[in-house]
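This report refers to the structure that appears directly beneath it.
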Amino acid sequence: MTDPFDLTDEDFDAATGAPGDEATPEPPWLAGLNPEQRRAVETLDGPVLVLSGAGTGKTRVLTTRIAHILHQRRAQPWRVLAVTFTNRAAREMRERLAGMIGPVAESVWLGTFHALSLRILRRHAALAGLRDGFSILDADDQLRLLKQLMADAGLDAKKDPPKAIMGRIQRWKDRGLTPDRVPEEDRRGTGAQRAAMLYTRYQARLLELNACDFGDLLLHTLGIFQAHPEVAAEYQRRFDYILVDEYQDTNVAQYLWLRLLAAGHRNLCCVGDDDQSIYSWRGAEVGNILRFEQDYPGSAVIRLERNYRSTTAILGAASGLIRHNADRLGKDLIAAGAAAADPDAPPVKVRGLWDGEAEARWVVEEIEALSHEGLPAAGTAILVRAAFLMRAFEERLMTCGVPYQVVGGPRFYERLEIRDALAYLRLVAQPDDDLAFERIVNTPKRGLGEASLQSLQVMARKAGMPLLAAARDLADSDELTKRARKALAGFVADVERWRALVGGMPPAELCATILEESGYAAMWKADKSPEAPGRVENLEELVGAVTEFETLDAFLEHIALVMETESKGAAAGVTLMTLHGAKGLEFDVVFLPGWEEDVFPHKRALEEGGQASLEEERRLAYVGLTRARKRAFVSFAANRRIFNNWQAAMPSRFVDELPDDCVEKTSDTGLYGAVTAGFAEEMGGWGTRHPRRSMTGGQGGAGGGARVAPGTGSWKVRDRTGDGLDITVGQRVFHQKFGYGRVLSSEGGKLAVDFEKAGVKTVVAGFVEAV
DNA sequence: TGAAATCACTTTTTT
DNA sequence: AGTGATTTCA
């Protein structure tokens, strides 16, 4: 195979007139690399696979490699394509690159698969059957659309859960399969046929709506490349070098996408770690990394095994654990950093506790103790298997007044009020966005009930026009009651007035105008429920977020792809997040709670995926451990409340798999006596010695119970500025989580408050506001 | 048409 | 337990 870019340095320099090696001093960024890293950076021609273990400098290699390509004048920045998996990784890489090579970093094609696909798709929308300005549906829209289609087809949502169907559709998309290519064996079995049928209709409906979902961004791009070789060729020529981060997490569609783009020059560099593959449930194929060498014969394979992040104890624990996986390329981490040299680096602490609340108490105690040892909360993370495990920690951290932030929790864009507000903006930007129309036509209440909307739907469907246009016509006809007609006409007039304003004023101002004039903001301001003020705040935050953008379209595009408000402000406290969210991050101190059978490894994972899933769960544990630089703590509870009842829990098998020489196991000695050998069995036995405690209804607060049911989902994190000095006994206060209440007593910065909903609770003064 | 009442389902992980 | 959806009642 001839490779147009297989040039020697001399050829290249002669061709471009760039100075030769001796004239160019070695760029500073190469100096600090170890030999393997250096090889990964300097092997520019042909396919390269970098097997990069945790903490071995993967991001550094990627950014340095880009810098090197540019410095060597191998390519212009806009001819380099770098693909990441998350927006965060893209942002981080861009920042680090800018730090090395300056503002020219901006012109590199760097982004997530989805963002880059969208960029390509916008240019060739017509080839995918879309019109300019097509919109991107969020998960909620997708599901609503599917439910409509199911209702039209007379399918029972009880028999075929829309979420399950959606899952199947997405997995087909992950595999690059359009509805007509769904293989026969995928159509057999319960519900499969109906899912395939719905997939066809769903795609058809999306085209009618001039919309696509997340998976379509890739699928359409891929389809265009396959159906129009001249377009594919254009992009093959356009990029001289392609780099891919987290290659182990790519799905089939992404694999094909990359293979197509790299087909010409094969200057493809993929960086990944099979031991950190944790997204198979989303269609990721570890197979992609395992067969790289076969796909790209003659590829260079470079292993990065020197870990600069963690202590030997942490690495030993992680390696010992992951060794239990059969299906891996086999790669060992060698401690090489400053942390490894620390002679009194302590072992990984493993601790068994009575229940989830005791676990939270212990974790926060340790956090407070560590902060006195020079390891402050700001460098500490609590990493959990599933979001519901966060509750106990949030509660405990709040009670103790330790600042914290939840990362990747319920996301900004997913909030009801934000989705509503976005629907207004979408409808104004895209009058044929029917899903947006439906969402807000009667929010706030305009007296347009189901009956009116039903006839509107029917009419629009018959005339083949978008709902907004149909509404305009319907308001002029005499189909509806006078009141409904008037309301509809008013709504249509509003939207048209706002549409006229687009471009005439900054989008943030437009957004504020719409929220005011529609009465949507007023609706929440008038709402008396405890969460309403937070929603008003979020709406204000939304307007603030729009300020960053020049046009409404640019904002909507950003929100569709990024869907998270940029983490603003310094991370001051303990970081609380899921293990999945933690990949690619590092902390001085890491707590890994909830290591119990059925929780971690998760029961559902085992039920659905068997051995393969068990290994994936183990990789997740490995990811968790390897996030830690200096200290790692593993814990498990003998009893845990799941849903609303208590369940006895066995320690996770992963606890036993941790090598003894790297960990120190202790249990609650004060309560249960010293336990050394047979530790896990004994802990597991607790549950049987103390059979399921059934707690009768959490609230009521009585019965000596400090144990009060946790409140609702999310609340805003507040820093502890001002110690609530203006709060006095008898004062009515508002608490983000517990709502309104009255102060009973105050002692040492803590208040006893009688909450209207949650009963009597002790809270830190800084977490309540006087009302 | 809107509010109240009941019901079912939740909690694995997310671009 | 708490949320959201669906059903029932005023």
Side-chain angles (χ1 to χ4, degrees), chain A residues 83-90 111-118 136 138-140 142-144 147 157-158 161-163 167 170 173-174 213-218 246 249-251 253-254 277-284 383-391 407-411 413-414 416 442 444-453 481 483-484 487 529 531 560-564 577-583 594 598-609 613 616-617 619-620 623-624 640-645 695-700 708-714 757-758:
Chain A
V83 195
T84 64
F85 221 71
T86 65
N87 294 302
R88 194 188 65 214
T112 62
F113 278 102
H114 294 90
L116 293 166
S117 290
L118 177 61
I136 303 162
D138 63 31
D140 184 65
Q142 290 178 44
L143 216 51
R144 282 199 299 145
K147 281 178 189 165
K158 299 232 163 58
K163 274 193 185 144
Q170 268 161 354
K173 291 191 176 187
D174 288 338
D213 67 17
F214 250 75
D216 284 341
L217 296 177
L218 275 151
E246 308 278 16
D249 284 331
T250 51
N251 59 35
Q254 290 159 342
S277 159
I278 54 175
Y279 282 106
S280 75
W281 50 274
R282 212 173 64 190
L383 307 179
V384 296
R385 175 63 181 84
F388 78 93
L389 293 164
M390 289 184 188
R391 294 239 162 108
V407 177
R411 283 186 282 177
Y413 81 98
E414 280 175 343
L416 175 88
N442 200 32
K445 299 265 183 292
R446 297 186 173 88
L448 290 161
E450 209 178 324
S452 320
L453 293 182
T481 62
R483 243 181 49 195
S529 59
E531 69 270 16
L561 282 178
V562 175
M563 293 176 160
E564 249 181 293
M577 64 168 109
T578 64
L579 286 162
H580 283 88
K583 193 167 67 154
D598 294 352
V599 175
F600 191 31
H602 198 275
K603 194 177 174 183
R604 283 256 279 272
L606 262 41
E607 280 166 4
E608 283 163 25
S613 289
E616 179 151 315
E617 295 283 301
R619 291 194 290 268
L620 204 46
V623 166
R640 198 171 284 282
R641 192 172 48 187
I642 295 175
F643 301 137
N644 200 25
N645 49 15
M695 295 295 293
T696 45
Q699 87 287 61
V708 175
T712 60
S714 62
K757 292 248 167 72

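The analysis underlying the following values was restricted to heavy atoms, covering all of them including side chains, and did not include hydrogens, waters or symmetry mates. The sequence lines fix the lettering, A, B, ..., with proteins before strands; numbering per chain opens at 1.
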Exercise for the section: Indicate, with yes or no, if the rings of Trp281(A) and His580(A) have centres closer together than 6.0 Å. Expected result: yes

Handout entry: Distance between C1' atoms of dG2(C) and dT13(B) (Å, rounded)
Key = 22 Å

Practice task
To the nearest Å, give me how far apart CZ (Arg641(A)) and P (dA1(C)) are.
Solution key: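 In whole Å, dA1(C) P and Arg641(A) CZ are 9 Å from each other.
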
Practice task
Could you tell me the separation between the CG atom of Leu218(A) and the C1' atom of dT15(B), rounded to a whole number of Å?
Solution key: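 In whole Å, dT15(B) C1' lies 9 Å from Leu218(A) CG.
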
Report which part of the nucleic acid [X] touches: base, sugar-phosphate, or nothing (heavy-atom distance under 4.0 Å, all strands).
X: Phe85(A); value: sugar-phosphate
X: Ala115(A); value: nothing
X: Gly215(A); value: nothing

Exercise for the section: Find which nucleotide of DNA chain B each of Gln142(A) and Asn442(A) is nearest to by heavy atoms, and output the residue with the more 5' nucleotide. Expected result: Asn442(A)

Fill in the blank from the handout: 5' to 3', nucleotides 9-14 of chain B under a 4.0 Å protein heavy-atom cut-off (B base, S sugar-phosphate only, - none) gives --BBBB

Handout entry: Asn251(A): side chain to side chain contact (heavy atoms under 4.5 Å, CB included) partners, not counting sequence neighbours
Key =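 For Asn251(A) the side chain to side chain contact (heavy atoms under 4.5 Å, CB included) partners, ignoring immediate neighbours, are Asp174(A), Ala253(A), Gln254(A).
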
Handout entry: By side chain to side chain contact (heavy atoms under 4.5 Å, CB included) - contacts of Ala115(A) (at least two apart)
Key =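 Result, side chain to side chain contact (heavy atoms under 4.5 Å, CB included) vs Ala115(A): Thr112(A), Leu561(A).
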
Practice task
With rounding to the nearest 0.5 Å, note down the distance linking CG in Asp598(A) to CZ in Arg640(A).
Solution key: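 Atom-to-atom, Asp598(A):CG and Arg640(A):CZ are 12.0 Å apart.
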
Handout entry: Phosphate-side-chain proximity, Ser452(A) and dT1(B), N/O vs OP1/OP2 below 4.0 Å
Key =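 Yes, because at least one side-chain N or O of Ser452(A) sits under 4.0 Å from OP1 or OP2 of dT1(B).
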
Exercise for the section: Look at the rings of His114(A) and Phe214(A) and say which category their plane angle falls in: under 30° parallel, 30 to 60° tilted, over 60° perpendicular. Expected result: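 Ring orientation, 0 to 90° scale: tilted.
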
Exercise for the section: Please step through salt bridge (charged side-chain N to carboxylate O under 4.0 Å, His left out) for the pair Arg604(A) and Glu607(A), ending with a clear verdict. Expected result: CA-CA 5 Å; Arg604(A) 283 256 279 272; Glu607(A) 280 166 4; 5.6 Å; no

